[in-house]
Amino acid sequence: MPLVELVRIGKSYGGVRACHDVDFTVHSGEVHALLGENGAGKSTLMRVLCGDVTDHSGEITVAGHAVRFHSPADAQKAGIAMIHQELDLVPGLSVAENIFLGREPRTRLRTLDRRAMTRETRDLLRRTGIDLDPRRMVGELRTGEQQLVSIAKALSLDAKVLIMDEPTSALSSAEVDRMFTAIAELRRGGTAIVYISHRMDEIGRIADRATVLRNGSVVAQFDARDMTADQAAEAMIGRPVRTMFTAHHTDEAGEKLLEVNDLVVPRSRPGRRDPAGISLTVRRGEIVGLAGLLGSGRTELLETLFGAGRRWTGQMFVNGRPVRPRNPRHAIRLGLVYVPEDRRISGLCLDHSVLANTVLSIVDRIARLGVVPRRSEVGQTRKIVRELGVKLATVYSAVATLSGGNQQKVVFGRMLLTEPDLLLLDEPTRGVDVGAKAEIYQLLGKAAQRGIGVLLASSELAELVGVCDRVIVLRGGRTVAELTTAHAGEADLLAASMGEVVPL
Ligand SMILES: Nc1ncnc2c1ncn2[C@@H]1O[C@H](COP(=O)(O)OP(=O)(O)OP(=O)(O)O)[C@@H](O)[C@H]1O
Ligand SMILES: [Mg+2]
């Protein structure tokens, strides 16, 4: 008997059918992958199962008994827990407080037992191989670190069914490995895991079964161990996929667009890995990758280049001129654009329409011409939506109603509209489906052909090797290696990130 059975589940948002007659089962001790394009209905289906979406049709049974969840608390009582795609931690609370939120340990006098909380959190983090101080504020943590906290929190719930919606999208391969060890242990103990991910290589490694959704319906089921990535991608998209990477290799790199010499951010903040000696160049028409483990300083470097306002020493040249971006506005004037890894801080106004969000970036430009021609705004936005294949009802829909991956495409589209010289990208394909990833890589290739330079931080080694001309490896805030992708592969990158000696 399946542990959980979902029968003919349906859920619509206005006119959009997110799930339609979906049957889905979960057995104890299995890792069941749930796959599908952005907007296919994966998160919606799982939010039904975890009691987050309650106005759905169809039935749920747990261990053979029909249940009706009215809240996530109901589902949790039935042993079902979910790690959400858009993390739902409280930024103003510490790691330990977040993990024990609502079930804090008490002393004999019924007061909060902070000591026990910190100790138990430290234990939990150690068991799951996570290196974090329980007392740190979650709001100060990087997206990847927040993901680790959510995972630890979910593990501590001792759920019978654990739903993981893109738990590793901001983790590097070493952290993913550790996560997988934890998952394998849970599985041996009989926990069922529903695993949602756009990283196809992960599915083959941990999943037993895979179900593919397309437009809200189940279109394929696989034994995950003999499913190929191509088969899965074809089922997701409904047609064979073109080759993923349009490897971009410049024959003749242009002039130096960005040059950084020995960049150091002296005032180190607790827990952050600040740049401690980074040198690199990006030429026109070049795509340069930034590799490194979580905490290697990739994000901090990009933020500093974009004028995050921290004091730093060293030199930075843009187009041969020495510059020191004072703030993001100044950096944009210098021709830089930055897409941060976290959508929530990337300036997307979730309550506003897709149109308003994309246009925010070009409004300056349009306004300079005098009037703001609404027709052109709508046209530009539609063009971007079409090019990136953003799935939405209309361009007037609020960004909040888009699926996670489609929100990411909006961020990307908006950036392309500003026509910058240099793109600073932090995990630009995080949570984006295979089809859209291919689109984004092509767009990057096109941008490079037009002479734009790209500095791309990514924790997906295949992505770095597939799209970059060169990859700079950071470790502990320093440049430790530089590899040409024509001569080096994923294994070399990993070795360099982990600290094995690679000649510069
Ligand atoms: N709160 C909401 N309001 C309106 N529409 C929504 C809402 N949540 C989801 N949708 C719509 O339902 C459909 C399915 O979305 P869902 O988030 O389940 O997709 P997904 O498969 O998880 O995609 P992704 O891979 O991008 O996370 C999409 O068309 C989405 O726009
Ligand atoms: Mg989703």
Side-chain angles (χ1 to χ4, degrees), residues 6 9-22 24 32-58 72 82-88 143 147 150 163-170 194-200 202-203 210-220 232-233 235-238 342-344 348 350-355 357 385 388-413 427-440:
L6 298 180
I9 299 295
K11 165 70 192 161
S12 295
Y13 290 102
V16 179
R17 267 209 308 215
C19 291
H20 178 61
D21 272 354
V22 177
F24 188 81
H32 191 157
L34 184 56
L35 307 176
E37 290 186 274
N38 294 135
K42 305 178 297 293
S43 297
T44 305
L45 184 66
M46 288 302 114
R47 289 177 56 212
V48 166
L49 177 56
C50 81
D52 198 22
V53 168
T54 51
D55 55 339
H56 61 87
S57 56
M82 176 159 174
I83 302 174
H84 288 272
Q85 182 174 15
E86 306 301 325
L87 302 176
D88 48 2
T143 311
Q147 265 177 347
S150 310
I163 305 163
M164 308 178 100
D165 195 350
E166 303 239 14
T168 60
S169 60
V194 180
Y195 194 83
I196 301 178
S197 176
H198 288 292
R199 293 181 164 190
M200 300 306 292
E202 295 183 347
I203 306 299
T211 295
V212 181
L213 288 181
R214 188 161 75 235
N215 290 328
S217 303
V218 174
V219 291
M236 283 164 61
I237 303 195
D342 187 344
R343 283 189 280 281
R344 286 164 305 176
L348 270 191
L350 292 177
D351 297 336
H352 287 76
S353 69
V354 171
L355 176 66
N357 271 283
V385 161
L388 293 175
V390 183
K391 192 176 172 205
L392 41 64
T394 79
V395 294
Y396 302 100
S397 310
V399 169
T401 67
L402 267 53
S403 74
N406 280 305
Q407 293 181 8
Q408 184 66 9
K409 291 189 215 170
V410 172
V411 173
F412 202 77
E427 307 282 358
T429 63
R430 172 170 172 241
V432 168
D433 69 47
V434 278
K437 268 186 194 166
E439 305 285 338
I440 287 180

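Because only heavy atoms are used, hydrogens play no part in the values below, and waters and symmetry mates are left out as well, while side chains stay in. Just follow the structure's listing: the first ligand is 1, and inside any ligand the first atom is 1. Please read all numbers here as calculations on a predicted model, not as lab measurements.
Listed by chain and number, the protein N, O or S atoms at a distance under 2.8 Å from the Mg ion (ligand 2) are Ser43 OG, Gln85 OE1.
No donor-acceptor pair closer than 3.5 Å links the side chain of Glu166 to the backbone N or O of Gln85.
Closest to atom 12 (O) of ligand 1 among all protein heavy atoms lies Ala18 CB, 3.3 Å. Regarding atom 3 (N) of ligand 1, its nearest protein heavy-atom neighbour is Tyr13 CD2, 3.4 Å. Looking at atom 29 (O) of ligand 1, its nearest protein heavy atom turns out to be Val16 CG1, 3.6 Å. In terms of protein heavy atoms, atom 18 (O) of ligand 1 is closest to Thr44 OG1, 2.5 Å. Given atom 27 (O) of ligand 1, the protein heavy atom at minimum distance is Gln85 NE2, 2.8 Å. Counting protein heavy atoms only, atom 31 (O) of ligand 1 is closest to Thr401 O, 2.7 Å.
For Gly36, the closest heavy-atom approach to ligand 1 does not fall below 4.0 Å. Ligand 1 lies out of reach of Lys11, whose nearest heavy atom is not under 4.0 Å from it. Taking a 4.0 Å cut-off on heavy atoms, Leu402 registers as neighbouring ligand 1. Using a non-hydrogen distance threshold of 4.0 Å, His198 registers as a contact of ligand 1.
Pairs of residues two or more places apart, or lying in two chains, that qualify as salt bridge (charged side-chain N to carboxylate O under 4.0 Å, His left out) and include a residue from residues 34-50 are Arg47-Asp52.
Every residue two or more places apart in sequence or in another chain was checked for a side chain to side chain contact (heavy atoms under 4.5 Å, CB included) with Asp351, and none qualifies. For Lys11, the salt bridge (charged side-chain N to carboxylate O under 4.0 Å, His left out) test picks out Asp55, with sequence neighbours left out.
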